[in-house]
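Notes follow once the structure below has been shown.
Small disclaimer: the values here were computed from a predicted structure and weren't measured. Chain A is the first sequence line, chain B the second, and so forth, proteins listed ahead of strands; every chain is numbered from 1.
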Amino acid sequence: MRAWFFSENAYPDLPPETEYDSIRVTLPNSLYDPKKGAALYDRYIDEWLVAEEEGLDIMLNEHHQTPTCVDPAAPLVLAALARLTSKARLLLLGNPISNRRDPVRVAEEMALADILSHGRLEVGFVRGVPYELAAANSNPVRTNERHWEALDLILKAWTTRDGPFSHEGQFFHHRNVNIWPRPYQDPHPPVWVSATSPGGAARVGSRGFVQATFLTGFGGTPRVYESYRQGWREAGRGAVTPVNRLAYAPLLYTSPDPARARAGAEQLLWYLKANKVPVHYKNPPGYVPVDVNVRFLRGAMPQLAASIKDLNVEKAIEAGIMFAGTPDQVFEQVKHFYGKVGGFGHMLLMGQAGFLDHEDTVHGIRTFARDVYPRLKEAFPDDAASGADEERVQAVAG
Amino acid sequence: MKHHFLHTGDVELEWHETGEGAPILYLHGGQGFFPDDAFVAELARTRRVIVPSHPGFGKSSLPDWLDCVSDIAHVHLALLDYLGLDEVDVVGCSIGGWIAAEMGTMSPERFGRIVLAAPVGIKVGPVDRLDVPDIFALSQEQVTGLFYHDAAKFRFDASAHSDDRLTIIVRNRETLTLLTWEPYMHNPKLRHRLQRVTAPTLILRGGSDGFVSADYANAYARLIPNASVETIEAAGHNIAEERPEALAARVEAFLADPQTTKTLWRNAG
């Protein structure tokens, strides 16, 4: 198992929720103090450097027009980390390519970051959460179609070596694609795609990209991973899907001191709870399929949303969206989750959120890296087969 | 009401027909068309009314190449070809008004008279101000407040609809989003083309319309050679839904008025 330390660069100093309509899209940036913000970036970058020092890999994400993740231009932070670090793999998960107007520019940004880091880059692509659509003025309809056309264009831009090619697609038009530099890694950096629904995951599996799912817990993760495996098999990639194709992002905090572990975990819940957003930004028409929206109108709630109201540390752990406690407890929780979901090879640790301060964040990173991660690597090898227990036994025997 | 499908190219177009007499093409607004429509029932007392469900609305298909209002105008012109209607009157509401306006620029000779009820489709204000409010950045309740004079009567209640109807409602809203998201609620070229419309044109606006302003309606009229603006009181943006009889009466009177004649193109003299 590989562990990646993931921070969303939160800016938590906000007025009470009653004083604003939405924490995303419309919150005025008059509430942002640039001096405080600059100090936060220094701190967050330092935390990534501690993660590298402790043997973890590094993950960044990009979001727009929200204080929960003040990283609106992730390639910039990625470029800084490419020069500040020397050994950690750098995962940008991800580029919201449904909402980017120019995929070739994305190809250039990622190729440059791969060069700057001497080949340590891993590139993630995301469709983007629904609130991003308003920020980008990106049409909520046909986001999947745009996503895949953009992804294929980026892959071709990275791998074409003999001069310009043209692309006259449904959504994107270029007549002279010939990026400089090309990626350091040959033919290109590893590709990740996030999907939290079974439908999306099957397509990722058919392409063999690494599949990441965020906070889907015991309830959602097995279906997503099984869909991935089905896509993998149907594309003729083999009967066995290795765990290194599957990634999971939980909230995670650990400390040898149970009280400190609990206090840190409670701080991480900010990420889920600081999410006051009106329906029209959470679910613009066309973002999810018609039949899903009909179910919503009938009163069904998105799985995670239904339980946020009364979420606490115990319930988050019970749901599999948080691993928290002493190192032994965290190891056992991850082991249990691994077994229930059929195995996964990458853990994307959300180890900072809200008001969790620098000292406590670093403490959590170090404790995990020294007391949990070695056991995870030993217990869950990267080349293991994924799947239900009986399926894995058959796969190994075959 | 008769219910049909026309296959034109790769579009399967659902269309409805009711009434007898000279034909009217009715182009529905963003909420779509349902056969129990009171406005169409009123018009059908004296006229044959033809109502296509725009591609992506109702049971009409939505091919992946179709992503703008001009595309729909072409599909509806194909319907007129199929029906052998060389000239019709056309009534369009909201986005249907936009479609009617586009059709009027593409084939001006086919339209005897045009009624645009609270049409969108043009951009006339400055770059830093929306001409019409962003309905995708408002709550359902706020949108209802903009769209009706008496909003309390038109609160959306999912439990009042069958699953099939809800599916159509949701799909209609998704297609409306696809078509109008960017540029928002307009075709920047349309304002330059409207001078080609030759039909006498009546632009109607609900007195309580919080979406299409009086200034906007007047700007539209100034772009069409033979156009006038009138107000229907006690109605919001969705005039056909809120005051079907009043709208139908005014439309019928305008379409029947023998005094109005088609405008010759300016260069014809």
Side-chain angles (χ1 to χ4, degrees), chain A residues 20-28 64-66 98-101 128 130-149 168-173 276-302, chain B residues 30-32 54-69 71 95 127-128 130 133-146 155-186:
Chain A
Y20 55 81
D21 291 331
S22 177
I23 199 172
R24 305 179 190 280
V25 187
T26 56
L27 193 70
H64 297 263
Q65 288 175 218
T66 180
S98 288
N99 302 336
R100 293 285 303 262
R101 302 305 172 120
Y131 348 100
E132 303 283 304
L133 295 161
N137 205 46
S138 188
N139 201 312
V141 186
R142 299 181 178 163
T143 51
N144 271 319
E145 291 86 340
R146 291 201 301 277
H147 173 90
W148 287 101
E149 183 178 326
E168 295 188 295
Q170 182 178 357
F171 303 105
F172 304 110
H173 292 261
K276 183 183 183 186
V277 185
V279 171
H280 47 272
Y281 291 132
K282 273 197 282 207
N283 187 26
Y287 182 77
V288 300
V290 168
D291 58 306
V292 174
N293 269 322
V294 171
R295 288 204 295 277
F296 287 167
L297 286 174
R298 291 297 192 210
M301 288 183 78
Chain B
Q31 297 188 151
H54 312 320
F57 290 82
K59 304 284 186 158
S60 294
S61 71
L62 178 66
D64 63 15
W65 58 265
L66 199 153
D67 57 18
C68 67
V69 165
D71 293 333
I95 189 181
V127 298
D128 61 345
L130 297 179
D134 186 354
I135 56 172
F136 303 118
L138 297 170
S139 68
Q140 179 71 56
E141 192 168 285
Q142 288 169 312
V143 173
T144 302
L146 294 177
R155 222 163 294 288
F156 180 74
D157 176 12
S159 65
H161 301 290
S162 67
D163 276 359
D164 190 55
R165 186 139 171 160
L166 264 192
T167 297
I168 292 173
I169 289 168
V170 170
R171 183 169 179 262
N172 290 353
R173 185 159 168 78
E174 176 170 318
T175 301
L176 179 70
T177 305
L178 172 68
L179 297 169
T180 65
W181 185 271
E182 183 188 84
Y184 178 62
M185 290 289 171
H186 72 276

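Contacts of B:L146 classified as side chain to side chain contact (heavy atoms under 4.5 Å, CB included), with partners at least two apart in sequence or in another chain: B:P133, B:L138.
Of the inter-residue distances, the one linking B:L166 atom CG with A:R295 atom CZ reads 12.5 Å to the nearest 0.5 angstrom. If you take CG on B:D64 and CD on A:E145, they are separated by 8.0 Å, rounding to the nearest 0.5 Å.
Pairing each heavy atom of A:Y281 with each of B:F136, the nearest pair is CE2-O, 4.4 Å. Taking every heavy atom of both residues into account, B:R173 and A:P285 meet most closely at NE-CG, 3.5 Å. B:L178 and A:V141 make their closest contact through N-CG2, 3.7 Å (heavy atoms, listed as atom of the first residue, atom of the second, distance). For the residue pair B:H161 and A:R298, the shortest heavy atom distance occurs at O-NH2, 2.7 Å.
Within 6.0 Å of CD in B:E182 there are more than 12 heavy atoms belonging to other residues, nucleotides or ligands.
Interface remark: B:Y184 contributes no atoms to any contact with chain A (heavy atom separation under 4.5 Å). At a 4.5 Å heavy-atom cutoff, the contact between A:V288 and chain B is made by backbone atoms alone.
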Determine whether B:E174 and A:V290 satisfy the following criterion, side chain to side chain contact (heavy atoms under 4.5 Å, CB included), listing intermediate values before the conclusion. CA-CA 8 Å; B:E174 176 170 318; A:V290 168; 3.5 Å; yes
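The stretch residues 131-139 of chain A places A:L133, A:N137, A:S138, A:N139 near chain B, each with some heavy atom under 4.5 Å from a heavy atom of that chain.
Ranked by non-hydrogen atom pairs under 4.5 Å with chain A, the options B:T177, B:T175, B:T167, B:D67 are led by B:T177.
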